[in-house]
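Written out below as structure tokens is the structure these notes cover.
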Amino acid sequence: MSESPARDIFQLVKLEEERKFLPQLERIFSWVNKLQELSQPQEYAFYPPGLSLKLRRDVPEEFPERDKLLALAPRIKEGHFAVPRVI
Amino acid sequence: MNFSLMSIDEILRMEENGEVSPRQVWDHFSERRRRWEPEINAFITTVEDLEGNGLAVGVKDNIAVKGLPTTCGSRMLRNYESPYSATAWERLRARGFSLAGKTNLDEFAMGSSTETSFLGPTRNPWDPERTPGGSSGGSAAAVAAGMVKFALGSDTGGSVRQPASFCGVVGFKPTYGRISRFGLVAFASSLDQIGILSTSVRDAAYVFSVVGGDDPRDSTTSRRPVPDFQEIFSSPLDSFTFVYPDEEVLGRAEDEVRREFMEFVKMAEALGGRGKEVSMPLLNYAMEAYYIVANAEASSNLARYDGVRYGLRQEAEDLLQMYMKTRTAGFGDEVKRRILTGGFVLSRGYYEDYYGRAVSYRKQLSAFMEDVFSRADFLLLPTTPHVAFKIGERQDPIEMYMEDFFTVFVNLAGLPAISIPWSLLDGLPIGFQIVSRWYNEIGMLRLAEKMERSIDFKNKLILKEV
């Protein structure tokens, strides 16, 4: 595990504390490297066998308590979620 | 009357006949919560409102109940209140069950000891110095101490079965897709499954028949009908075949657990089973593959906690800093480790070597399990490598992950499994697992109930205390 891509991950997943976690990640990756003993991947399974995803009509539904959802937000402004200025 | 020792259907029958009132039933469990909760810390939120039949239920605090907090044991969601309820809880409520409270868990269900909860650890009723296991440790402890009749948990890699083994209760995880995940806070969506913790196999079957089944709000639920409770035990299981792993896999358990497990195998044979030892070398990679798959999905699922729509926010000058500070302050160390490893295995240049190999392993494992169940009805194996460990004893994350060695492969393949209490080792419970082919919950519950009747387990030691 080289340091530079590992540092990029902190930006990607939006977490700080590189100094604390980098050595721990090194150790974890040397553990999961055991998987390299297995043959090169040929077929994949992303979910358990026998599962067939169902389709349903794409009909918008109104959530009856919009105000309650908004009330969960740390900051709202004029009925919208508020964030720091981005431009 | 000790309602903790009676089955759900028995209590409901007595209520119907007017022999007991819902209030009497509710007060029994209430009294036990007053006695045990200060010592055990099984609940994050308690509710003292009797509704319906008085049978008290615990719901893990990553399962939404409208109007109540769903904290996931995390600082991130400390003040979050659910605006809707999970389907599993809605179905219980519709049948008259009463909520006793939301139970403690490892933060975002990531752990095996219920120690990483922001609200402090849950303690094992058998020995409060020890953990109840995890991540559904609050649910398992609440059931073991008789504070609730049963509890819902979630099982992504063993989080229902492992604490069930540590607390001397039944832990049931159905086939993936049997119980709706609508309202269950997502950890690893292709592995997550709501499960049931109870004091008997019969009760687990009863609850399964209520909460299971198709749900239009979860596209991964199966359309196959869930068996009716009466149907499950309508005919006995006379003869069956089973396999159990050889020393290479069993060697992961401590000597005493292995010895006890072989007694479990002998009992299965005495009850009409034809058993055979099998080699399962593939299981030796399950832990590593699970860690990659689960964390890849977790890094994606937990991206939603950004301080914008709900949960904690740490204010900052710009948006990126707000995200970084919020997530760094809101998540605990174990959750951060998992998000980081998950992000890494999905990143360009590493995807094939890590995630690719893990999902390829998953394919091989499923094919292997298909072969196993083409030759036998059941697979028996330990649930945990040892009895409950002490709080604070496992400091090394990898050592903690290995606690789930006997359970994670079940989730990777999406199989049904149940852990039933077997015996006490030095005064602490240990449970063993029965795994079956996909959707054969009926057969699995029949065998589990048959074995339970023959096992002289003293789980009632705690339940008999007032």
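All chains are named by letter (A, B, ...) in the order of the sequence lines, taking the proteins before the strands, and each is independently numbered beginning at 1.
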Exercise. Do any of residues 59-68 of chain A have a heavy atom less than 4.5 Å from a heavy atom of chain B, and if so, which, in residue order?
Worked result: A:E61, A:F63, A:E65

Structural part of [X] lying under 4.5 Å from a heavy atom of chain A:
| X | answer |
| --- | --- |
| B:A289 | both |
| B:N284 | both |
| B:M369 | neither |
| B:T221 | both |
| B:P216 | backbone |
| B:M322 | side chain |
| B:S347 | side chain |
| B:L415 | neither |
| B:E315 | side chain |
| B:I292 | side chain |
| B:R348 | neither |
| B:A316 | backbone |
| B:D396 | side chain |

Look at [options] and state which one has the largest set of heavy-atom pairs under 4.5 Å with chain B.
| options | result |
| --- | --- |
| A:E17, A:R85, A:R75 | A:R75 |
| A:L55, A:L70, A:L51 | A:L51 |
| A:I76, A:N33, A:L12 | A:N33 |
| A:R56, A:K20, A:K34, A:E37 | A:K34 |
| A:Q24, A:K14, A:Q11 | A:K14 |

For this session: If the plane angle is over 60° it's perpendicular, under 30° parallel, otherwise tilted; pick one for B:Y401 and B:Y291.
Result: tilted

Exercise. Relative to each other, are the rings of B:Y310 and B:Y305 parallel, tilted or perpendicular (30° and 60° limits)?
Worked result: perpendicular

Other residues, nucleotides and ligands only: do more than 12 of their heavy atoms fall within 6.0 Å of [atom1] on [X]?
| X | atom1 | value |
| --- | --- | --- |
| A:E43 | CD | no |
| B:R337 | CZ | yes |
| A:Y47 | OH | no |

Measure [X] against the heavy atoms of chain B and call it side chain, backbone, both or neither at under 4.5 Å.
| X | value |
| --- | --- |
| A:Q42 | backbone |
| A:V83 | both |
| A:A82 | backbone |

Exercise. Given the side-chain rings of B:F182 and B:Y84, with only the six-membered ring counted for Trp, is the space between their centroids under 6.0 Å?
Worked result: yes

Atom of [X], atom of [Y] and distance for their closest heavy-atom approach:
| X | Y | value |
| --- | --- | --- |
| B:T156 | B:Y290 | O-CE1, 3.3 Å |
| B:Q314 | B:T326 | N-OG1, 2.9 Å |
| B:G330 | B:S74 | O-OG, 3.4 Å |

Problem set entry | Options B:N79, B:L340, B:I339, ranked by heavy-atom pairs under 4.5 Å with chain A, top entry | B:L340

For this session: Give the intermediate values and the outcome of ring-ring contact (aromatic ring centres under 6.0 Å, His included) for residues A:F10 and A:F21.
Result: CA-CA 10 Å; A:F10 284 82; A:F21 285 104; 7.0 Å; no

Can a side-chain donor-acceptor contact be found between [Y] and [X] if the only test is distance below 3.5 angstrom?
| X | Y | value |
| --- | --- | --- |
| B:R181 | B:T220 | yes |
| B:N301 | B:S189 | yes |
| B:S112 | B:R394 | no |

